[in-house]
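Take this structure first; my questions come after.
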Amino acid sequence: MRLFLALLAAAVLLAAPADAGQHRPDPAAALLAAFDSHAIVAKSSPDVGTFVFDLIRDPRFPARVNDIVVECGNARLQPVLDAYTAGAQVPEISSVWRDTTQPSCGFSTFYEQLFALVRQVNTTLPASRKLRVLAADPPVDWSRVHTPADLEPFLDRDASIVSVVKTQVLQRNRKALMLFGLGHLTHDGGSGAVAQLEREHPGAAYVIADHRGFTADNARLERRLGPWPALVPLRGSWLGTLETTYFPVNREYPPATRGYPGVDAYLYEGPADLLVREPLSARALLDAGYLAELRHRATAIEAPPDSIEWPETFFERERTSGVLLRG
């Protein structure tokens, strides 16, 4: 019997994926620890799982973080957002994410829930610890956009993000969680927001990419990632030794390049084949006035008929995309 148990234990060890058994801190603790040495933790978004919501609900979060900077928020409407998250009655709060330069933001459920959650969390916090949500999309006023030229000053989204983070976070010595598409966040992003910020504030950000699947040998590598959720640093881990071609990068790198360029850590919330897309907001879909406004905007900027500025085109793209990220 002892021999059998010993052989069984050895078999289990051999079958276990590499690194899966290593002790890891919980991902929320690992993310919050990054604020010890960085003013900003920048994470790709929107969140397909529950990680961000669980993080904000975590009582450790407001003790370490002051601001949450978001992609889907019109900077012109910051006073409206401030009032809402402070608890005021703001019937037009949806305009914060509907009136951005990105029409897809208007159908997001993520930001609608995020703002409401921060509002509720703030009811439990003293005034000195209340969370602030910062809208970083350019401050466009759509009532003044009648031609493509009228929108032109608001198309540099990274410049708007940089301005908000510099003036509202870094210059005030605050700590912020940034939630944006990864293209805005990587250290080597050239004109991306984080790359621009770090020219003046080197090392300000800790960048986290969400797992959406490896480009090759995905099943084996996911087994090696082990249990989820997990936040795995690139430096000092096997992820950092992978060839860059295993990651979904959007440009060419020299053949010897290793790891995920411009990224510090990798958030694994489960196998890519099991990740679901963010659902569209029923409130927006059923709002005839809002859909008419989107058509008016598309006409004003002379959007091509097959562009997602037209709600019908956007809906068709979403209808045919399926509910799974890789479905």
Side-chain angles (χ1 to χ4, degrees), residues 24-73 78 81-88 93 96-97 108-136 161 164-165 168-182 184-185 193-194 197 201 203-211 227-233 263-270 278:
R24 296 170 176 167
D26 74 85
L31 184 150
L32 293 173
F35 284 106
D36 291 341
S37 52
H38 300 81
I40 297 163
V41 172
K43 180 191 172 300
S44 56
S45 72
D47 193 55
V48 296
T50 63
F51 179 78
V52 166
F53 295 145
D54 290 341
L55 178 68
I56 294 169
R57 283 188 284 257
D58 191 314
R60 297 171 295 182
F61 185 78
R64 306 297 300 278
V65 183
N66 308 113
D67 306 314
I68 303 168
V69 192
V70 298
E71 181 166 8
C72 286
Q78 186 64 50
L81 184 54
D82 284 339
Y84 177 76
T85 54
I93 185 59
V96 173
W97 65 88
S108 170
T109 56
F110 176 80
Y111 296 96
E112 181 177 16
Q113 294 176 77
L114 176 68
F115 297 166
L117 177 59
V118 171
R119 173 187 171 97
Q120 185 60 29
V121 169
N122 276 343
T123 65
T124 69
L125 300 174
S128 62
R129 297 309 314 169
K130 289 187 187 299
L131 300 169
R132 190 180 187 206
V133 180
L134 296 171
I161 299 166
V164 168
V165 175
Q168 302 301 311
V169 180
L170 296 175
Q171 291 177 6
R172 298 184 179 192
N173 295 315
R174 291 166 69 87
K175 302 277 188 174
L177 173 68
M178 290 180 64
L179 300 173
F180 290 83
L182 192 61
H184 298 286
L185 304 181
V194 162
L197 285 165
H201 302 272
Y206 187 82
V207 178
I208 299 172
D210 288 282
H211 174 67
W228 68 84
L231 186 64
V232 185
V263 171
D264 298 301
Y266 199 67
L267 180 65
Y268 181 47
E269 290 196 80
E278 178 190 11

> Which residues pass the side chain to side chain donor-acceptor pair (under 3.5 Å) test with Arg174, sequence neighbours left out?
Replying inline: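 Counting only residues at least two positions away or on another chain, Arg174 forms a side chain to side chain donor-acceptor pair (under 3.5 Å) with Asp67.
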> Side chains of Cys72 and Phe180: closer than 4.5 Å at any heavy-atom pair?
Replying inline: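 Sidechains of Phe180 and Cys72: no contact.
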>> If only side-chain N and O atoms count, and only distance matters, is there a donor-acceptor pair under 3.5 Å linking Glu71 with Ser45?
In response: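 Short answer, no.
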>> Under the criterion side chain to side chain contact (heavy atoms under 4.5 Å, CB included), I'd like the reasoning laid out for Ile56 against Val121: C-alpha separation, chi angles, the key distance, then a yes or no.
In response: CA-CA 8 Å; Ile56 294 169; Val121 169; 4.2 Å; yes
> Heavy atoms, side chains only, cut-off 4.5 Å: are Leu179 and Val69 in contact?
Replying inline: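 No, their side chains stay 4.5 Å or more apart.
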>> Determine whether the aromatic ring centres of residues Phe61 and Phe35 are separated by less than 6.0 angstrom.
In response: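 No, the ring of Phe35 stays outside the 6.0 Å limit from the ring of Phe61, centre to centre.
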> Please walk me through it: do Val70 and Leu134 pass side chain to side chain contact (heavy atoms under 4.5 Å, CB included)?
Replying inline: CA-CA 6 Å; Val70 298; Leu134 296 171; over 6 Å; no
>> For a side chain to side chain contact (heavy atoms under 4.5 Å, CB included) check, start with the C-alpha distance between Leu131 and Asn66, then their side-chain angles and the critical distance, and finish with the verdict.
In response: CA-CA 5 Å; Leu131 300 169; Asn66 308 113; over 6 Å; no
> Can you check whether His184 reaches Val194 side chain to side chain, under 4.5 Å on heavy atoms?
Replying inline: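 The answer is no, as the side chains (C-beta and beyond) never meet within the 4.5 Å cut-off.
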> Out of Tyr111, Tyr84, Phe115, which one pairs with Trp97 under the ring-ring contact (aromatic ring centres under 6.0 Å, His included) rule?
Replying inline: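 Of all the options given, the one that passes is Phe115.
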> Roughly how far apart are Tyr268 OH and Leu231 CG, rounded to 0.5 Å?
Replying inline: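 Here the rounded value is 14.0 Å.
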> Heavy atoms, side chains only, cut-off 4.5 Å: are Leu32 and Val41 in contact?
Replying inline: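 No, too far: nothing below the 4.5 Å cut-off.
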> For the side chain of Ser44 and the backbone of Gly181, is there at least one donor-acceptor N/O pair under 3.5 Å apart?
Replying inline: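 Such a contact is absent between Ser44 side chain and Gly181 backbone.
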> Does the side chain of Leu81 come within less than 4.5 Å of Ile93's, by heavy atoms?
Replying inline: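 The answer is yes; the side chains approach within 4.5 Å.
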> Minimum heavy-atom separation for Pro227 to Ala230, with atom names?
Replying inline: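 Heavy-atom minimum between the residues: O-CB, 3.7 Å.
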> Is there a donor in the side chain of Thr85 and an acceptor in the side chain of Asn122, or the other way round, less than 3.5 Å apart?
Replying inline: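 Judged by distance alone, the side chains do not pair up.
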> Does Arg119 reach the main-chain N or O of Ala88 with its side chain, forming a donor-acceptor pair under 3.5 Å?
Replying inline: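 Pair found, side chain donor or acceptor close to backbone of Ala88.
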> Between CG of Leu117 and CD of Glu112, what distance do you get to the nearest 0.5 Å?
Replying inline: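 Taking CG in Leu117 and CD in Glu112, the distance rounds to 12.5 Å.
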> Any side-chain heavy-atom pair from Val207 and Ile40 closer than 4.5 angstrom?
Replying inline: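 Not in contact.
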> Considering residues at least two apart in sequence or located in another chain, which fulfil the side chain to side chain donor-acceptor pair (under 3.5 Å) criterion with Gln168?
Replying inline: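 Result, side chain to side chain donor-acceptor pair (under 3.5 Å) vs Gln168: Arg132, Arg172.
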>> I'd like to check the side chain to side chain contact (heavy atoms under 4.5 Å, CB included) partners of His201; sequence neighbours left out, ordered by chain and number.
In response: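 Applying side chain to side chain contact (heavy atoms under 4.5 Å, CB included) to His201 gives Leu170, Ala204.
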>> Determine whether Ile208 and Tyr266 satisfy the following criterion, side chain to side chain contact (heavy atoms under 4.5 Å, CB included), listing intermediate values before the conclusion.
In response: CA-CA 6 Å; Ile208 299 172; Tyr266 199 67; over 6 Å; no
>> For a quick test of reading the model, state the closest non-hydrogen atom pair linking Leu267 to Lys43 and the distance between them.
In response: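 Minimum heavy-atom contact is CD2-CE, 3.4 Å.
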> Quick one: does Leu31's side chain get under 4.5 Å of Tyr206's, heavy atoms only?
Replying inline: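 No, side chains not in contact.
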>> Check Asp36 with Lys175, please: is the shortest side-chain N to carboxylate O separation under 4.0 Å?
In response: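 Between Asp36 and Lys175 there is no salt bridge, as every charged N stays at least 4.0 Å from the carboxylate O atoms.
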>> If you compare all heavy atoms of Val164 against all heavy atoms of Ala136, which two are closest, and at what distance to 0.1 Å?
In response: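 Smallest interatomic distance, heavy atoms only, reads CG2-CA, 4.0 Å.
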> So do the side chains of His211 and Glu269 get within less than 4.5 Å of each other, counting heavy atoms only?
Replying inline: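 No. Closest side-chain heavy atoms not under 4.5 Å.
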>> Please evaluate residues Arg64 and Asp58 with respect to the criterion salt bridge (charged side-chain N to carboxylate O under 4.0 Å, His left out), reporting the C-alpha separation (whole Å), side-chain torsions for both, the decisive distance (0.1 Å), and the verdict.
In response: CA-CA 11 Å; Arg64 306 297 300 278; Asp58 191 314; over 6 Å; no
> For the atom pair CG (Asp264) and NE2 (His38), what is the distance rounded to the nearest 0.5 Å?
Replying inline: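 If we round to the nearest 0.5 Å, Asp264:CG and His38:NE2 are 6.0 Å apart.
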